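Atom set for the values below is all heavy atoms of this structure, side chains included, hydrogens, waters and symmetry mates excluded. Computed from a predicted structure; not experimentally measured.
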Amino acid sequence: MKTTDTPPSGADTAGIPEQRAGTAAGSAPASAKRGEGQVLNVFSHGMLVLWAVMVVLPLFWAVMSSFKTDADIFNTPWSLPGSLNFDSWGRAWSQAHMSEYFMNTVLVVGGSLVGTLVLGSMAAYVLARFEFPGNRFIYFLFVGGMSFPIMLALVPLFYVMDNMGLLNSIHGLILVYIAYSLPFTVFFLTSFFRTLPTSVAEASIIDGASHTRTFFQVMLPMAKPGLISVGIFNFLGQWNQYMLPTVLNTDPEKRVLAQGLVELASSQGYKGDYSGLFAGLVIAMLPVLAAYIVFQRQVVSGLTAGALK
């Protein structure tokens, strides 16, 4: 016995066009959102490309001009050098005493960077892990130090350094750099230490390790991304520092690179050794670029570690 299929009722057939209309109406906003997202994506990428050009083009032009002669810089400023001229680099390195300024900067920045990371990490670890009376007060003192203008402290700092016999000395400038960089370092690392798991430190204490050993052998290696990030930021700020050494370091033999570049520009007078000036600028710029290129992944991971955890 055959069974015949009954046709759908009028109510059912009437609902089919309505469903199709609803599907079409729902796809329209989705396609509109995709179109808006594509426009926004193109706009954001265009702004990033424009920003990259604005940053990279002056750097490339400075490097390119350092290999030119003074005549080529004025006659064809935007063209590539016909041949690599290293005489300007030799003049900047030896005659302009950039080699001495470079070594002074390495000593000052190297010593202050180590001191800042050691003292800042120890202070940040205590503020982040231990509760004691005045904890928040000390933390906010460091935060307030970030907002204090360094120009207001130059005159009293000069007299304090003079009374302590630290003016025109490498170690005196190292101490000032450490004090100048500690507020940001403590603020950054305190937030980073709070994201680290406490179970590892507790297990180390249970195993018999002291707080000092727990910090240096357990917690400090775990904070390596944060240390690298804040170290790069401090390195950039200390390497390019000009105000503090100008006021506190007036000895010509102990000048740093920022002072040397200003001296090189001002001592030229009307001679205009622009190729040597560009060479000195590139010499001062190369360590900063090299440090960021080498540690760029660690900087990004250190900045995002707290957000990811």
Side-chain angles (χ1 to χ4, degrees), residues 106-150 153 157 160 166 171-241 244 288 291-292 294-309:
V106 169
L107 291 176
V108 172
V109 175
S112 61
L113 195 60
V114 173
T116 301
L117 291 180
V118 172
L119 296 177
S121 61
M122 293 172 67
Y125 177 75
V126 172
L127 293 174
R129 293 291 179 174
F130 297 96
E131 293 292 337
F132 56 89
N135 182 300
R136 302 303 295 173
F137 177 74
I138 296 174
Y139 173 75
F140 285 117
L141 279 181
F142 281 108
V143 175
M146 295 172 56
S147 60
F148 188 80
I150 192 61
L157 183 60
V160 169
L166 296 176
H171 57 279
L173 207 56
I174 290 175
L175 293 177
V176 173
Y177 277 21
I178 292 175
Y180 173 75
S181 304
L182 269 180
F184 172 73
T185 304
V186 173
F187 170 75
F188 186 94
L189 290 180
T190 300
S191 302
F192 191 86
F193 275 118
R194 287 173 180 166
T195 64
L196 298 180
T198 59
S199 58
V200 179
E202 293 173 354
S204 177
I205 296 296
I206 292 174
D207 290 339
S210 62
H211 290 291
T212 303
R213 186 174 181 181
T214 300
F215 171 72
F216 283 104
Q217 296 187 0
V218 178
M219 303 305 294
L220 202 60
M222 293 176 61
K224 182 179 177 180
L227 291 174
I228 293 177
S229 299
V230 75
I232 291 296
F233 291 137
N234 285 329
F235 173 77
L236 296 178
Q238 295 173 3
W239 187 271
N240 297 321
Q241 182 61 243
L244 289 175
V288 177
Y292 183 77
V294 172
F295 296 106
Q296 59 178 337
R297 292 186 178 180
Q298 287 82 354
V299 171
V300 175
S301 62
L303 291 176
T304 58
L308 294 177
K309 293 181 180 179

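- Considering every non-hydrogen atom in both P221 and V218, the closest pair reads CD-O, 3.5 Å.
- Taking every heavy atom of both residues into account, M122 and F215 meet most closely at CG-CE2, 3.6 Å.
- Judged by distance alone, with hydrogens and angles left aside, the side-chain atoms of S147 form a donor-acceptor pair with the main-chain N or O of G144 at under 3.5 Å.
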>> Working note: L166 + V176, criterion side-chain contact (heavy atoms from CB on, under 4.5 Å); need CA distance, chi angles, decisive distance, verdict.
In response: CA-CA 10 Å; L166 296 176; V176 173; over 6 Å; no
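- Partners of H171 under the ring-ring contact (aromatic ring centres under 6.0 Å, His included) rule, at least two apart in sequence or in another chain, do not exist in this structure.
- Annotation for L189 and A124: closest pair CB-CB, 3.5 Å, computed over non-hydrogen atoms.
- Taking T190 as the reference, nothing meets the side-chain hydrogen bond (donor to acceptor under 3.5 Å, both in side chains) condition, with sequence neighbours excluded.
- In this structure, L182 CG and N234 CG are separated by 8.5 Å, a value rounded to the nearest 0.5 Å.
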Donor-acceptor contacts under 3.5 Å from residues 197-211 side chains, at least two apart:
| from | atom 1 | to | atom 2 | distance (Å) |
| --- | --- | --- | --- | --- |
| S204 | OG | T214 | OG1 | 3.1 |
| S210 | OG | R213 | N | 3.3 |

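- Minimum heavy-atom separation, P183 to G145: CB-C, 3.9 Å.
- L236 contributes atom CG, which lies 12.5 Å from atom CD of Q241 (distance to the nearest 0.5 angstrom).
- Residues meeting the ring-ring contact (aromatic ring centres under 6.0 Å, His included) test with F235, sequence neighbours left out: W239.
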> What's the verdict on side-chain contact (heavy atoms from CB on, under 4.5 Å) for L227 and L220, showing C-alpha distance, side-chain angles and the deciding distance?
Replying inline: CA-CA 9 Å; L227 291 174; L220 202 60; 3.7 Å; yes
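- Shortest non-hydrogen contact noted between I232 and A291 is CD1-O, 4.0 Å.
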Validation: residues 129-141 side-chain donor-acceptor distances under 3.5 Å, sequence neighbours left out:
| from | atom 1 | to | atom 2 | distance (Å) |
| --- | --- | --- | --- | --- |
| R129 | NE | F193 | O | 3.4 |
| R129 | NH2 | F193 | O | 2.8 |
| R129 | NH2 | L196 | O | 2.6 |
| N135 | ND2 | L127 | O | 3.3 |
| N135 | ND2 | F130 | O | 2.6 |

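- Using a 4.5 Å heavy-atom cutoff, the side chains of T185 and L119 are not in contact.
- Ring-plane geometry between F188 and F192 is classed as parallel, the angle between the planes falling under 30 degrees on a 0 to 90 degree scale with a further cut at 60.
- Sorted by first and then second residue, the pairs that involve residues 106-125 and meet side chain to side chain donor-acceptor pair (under 3.5 Å), not counting sequence neighbours, are S112-Q238.
- One distance of note links CG of L107 with CG of L173; it measures 11.0 Å at 0.5 Å rounding.
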